[in-house]
Amino acid sequence: MNSIQFSSLGLSLEMLKNLESLGYEQMTPIQAKSLPSILKNQDIVAKANTGSGKTAAFGLGLLAKISDLNVASQGLVLCPTRELADQVSKEIRRLARFTPNIRVLTLCGGKPFRMQAESIRNGAHIIVGTPGRVQDHIERKTLHLKHIQTFVLDEADRMLDMGFYDNIIDIIKLLPASKQTLLFSATYPNEIAEISQLIQKDPIEITVESKDDIPDITQLVLQVREHEKNDAVISLLAHYNPQSTIIFCKTKAQCDDVAIFLCEKGFHALAIHSDFEQKEREEVLLQFANRSCAILVATDVAARGLDIKDLPLVINYDLPSSPEMYVHRIGRTGRGGKSGVAVSLFAYAENFKIEGIEAFTQTTITKIEKDALMSNDAIAQPIMRTLCINGGKKNKIRPGDILGALTGEGGLTADQVGKIDIFDFHAYVAIKCEVASKVLNNLQDGKIKGRNFKMRYL
Ligand code: AMP
């Protein structure tokens, strides 16, 4: 796959020369797999990281269809951040060097709106922007999407993490039905499959085998008696001192007991199971996902739909009901090219279950002794706190509005603000612990979009 040449794609001679001058001698794996379909106008959903050459993959697709005689915007790329949008614009401009008439415009917040509107009016064949600012231009009728032929979602998983789902859906509704949609994402959580199903036509799925795709999970088991389990969990947490941990239990009562026990010992743990109401469930999951909660104690059912990119430790307080469930549980760690550890507690009489798991997974699981674990007094505390704002989608609040208020009157820098989750009537935003009180002081009388909203920490 790797050695396929750009010349096999039917690109123009000028483009081939340009690629040569850029030093692009061979296609990268993602380009080799996706470009033939992209150039045939097919929708694709591709799992690709930064550094894979994905920008050139969709950039060449965009440029192949642009007519520089038509001044209307014909390509639209949505990116999660201003930095990425700038990078993407730069790469597309490099690819478009052979046709100086093609104009690429970046539309992100933080730049004067009027100047951007003026640039659109002067003709911008390809728009690269963040969902919030692009939507502002659409709403204020400075950007029209009637002629968009290629629509790209870049780093779609990050955009969903940042709460841009509704903006994206609103924008898509205004695009011509005949457009081609190219979706790129570093990870492939359920939401990506759902959004792909919603907005794409028979997309070709593209993944590139890389060492990042093979999970790096160290699997261990620790034999304990039932009454020693809580202490074993403490020893494991002390030994690994992870920033985030999921502990799986068999029953709801056990989840509650373990979470209470850990809190008494100074850990920040929350339980989750099916007795929780929907809102409570959402709040617990989002606090864990946004790093306001370090330990989640969950039943299998309750942890469904939870997709955490950076989870260093999974503890099975009880062995799961089947080897398949074991694989599912431990697969929560070791994602996105990171390594992870999965430790299962088991009783002497359950040795046969461990053998069953080993046979199923075709691995040998290492047995560890509790005495071999290091003690450590430092307890990893959450790095974020969750601010709950009494306003949501129905109040027309968008992630950009919250970010704007926090970095404006709130006095924060963008890197002190974490994940933003917006529901109908509430929004939640993760704030770095060390500046949490500052925000509340600064914003107590402050406004979001000119209106006052009550806010409190969960
Ligand atoms: P990206 O994953 O799109 O951020 O691209 C990573 C880097 O690879 C960028 O600096 C590109 O200019 C470069 N690049 C993209 N395609 C190729 C190629 N076929 N050969 C060499 N470099 C490339």
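For this chain, numbers begin at 1 and follow the sequence in order. Whatever order the structure lists them in is the order used to number ligands and atoms, beginning at 1.
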Quiz item: Are the ring centres of F248 and Y317 closer than 6.0 Å?
Solution: no
Practice problem: Among all protein heavy atoms, pick the one closest to atom 3 (O) of ligand 1 and tell me residue, atom and distance. | Solution: T55 OG1, 2.5 Å
Quiz item: Is atom 14 (N) of ligand 1 less than 4.0 angstrom from at least one protein heavy atom?
Solution: yes
Quiz item: With respect to Y428, which candidate in I389, L387, L458 satisfies the side-chain contact (heavy atoms from CB on, under 4.5 Å) definition?
Solution: L458
Quiz item: Is any side-chain heavy atom of R133 less than 4.5 Å from a side-chain heavy atom of Q116?
Solution: yes
Practice problem: Starting from atom 16 (N) of ligand 1, find the nearest protein heavy-atom neighbour and note its residue, name and distance. | Solution: Q31 NE2, 2.8 Å
Exercise. Ignoring hydrogens, tell whether any protein atom lies closer than 4.0 Å to atom 8 (O) of ligand 1; use the non-hydrogen atoms only.
Key: no
Quiz prompt | Heavy atom of the protein closest to atom 4 (O) of ligand 1 (residue, atom name, distance) | solution = G51 N, 3.6 Å
Self-check item: Partner of L78 by side-chain contact (heavy atoms from CB on, under 4.5 Å), out of V152, I171, T130
Solution: I171
Quiz prompt | Verify atom 23 (C) of ligand 1: protein non-hydrogen atom under 4.0 angstrom away | solution = yes
Quiz item: Mind checking whether R94 has an N or O less than 3.5 Å away from an N or O of ligand 1?
Solution: yes
Quiz item: In terms of residue, atom name and distance, what is the protein heavy atom nearest to atom 20 (N) of ligand 1?
Solution: Y24 CA, 3.6 Å
Practice problem: Provide the number and element of each atom of ligand 1 under 4.0 Å from a heavy atom of E91. | Solution: 11 (C), 12 (O)
Self-check item: Close side-chain approach of F184 to I44, heavy-atom, < 4.5 Å
Solution: yes
Practice problem: Only counting residues at least two apart or in another chain, list the ones meeting salt bridge (Lys or Arg N to Asp or Glu O under 4.0 Å) with K173. | Solution: D170
Quiz item: Considering only heavy atoms of F6, which atoms of ligand 1 have at least one such atom less than 4.0 Å away?
Solution: 19 (N)
Quiz item: Which of these, L313, L373, V233, sits in a side-chain contact (heavy atoms from CB on, under 4.5 Å) with V343?
Solution: L313
Exercise. Could you tell me which atoms of ligand 1, counted from 1 in the order shown, lie closer than 4.0 angstrom to a heavy atom of G53?
Key: 1 (P), 2 (O), 3 (O), 5 (O), 15 (C)
Quiz item: Can you tell which part of Q26 has a heavy atom less than 4.0 Å from ligand 1: side chain, backbone, both or neither?
Solution: backbone
Quiz item: Is the shortest side-chain N to carboxylate O distance from K279 to E282 below 4.0 Å?
Solution: no
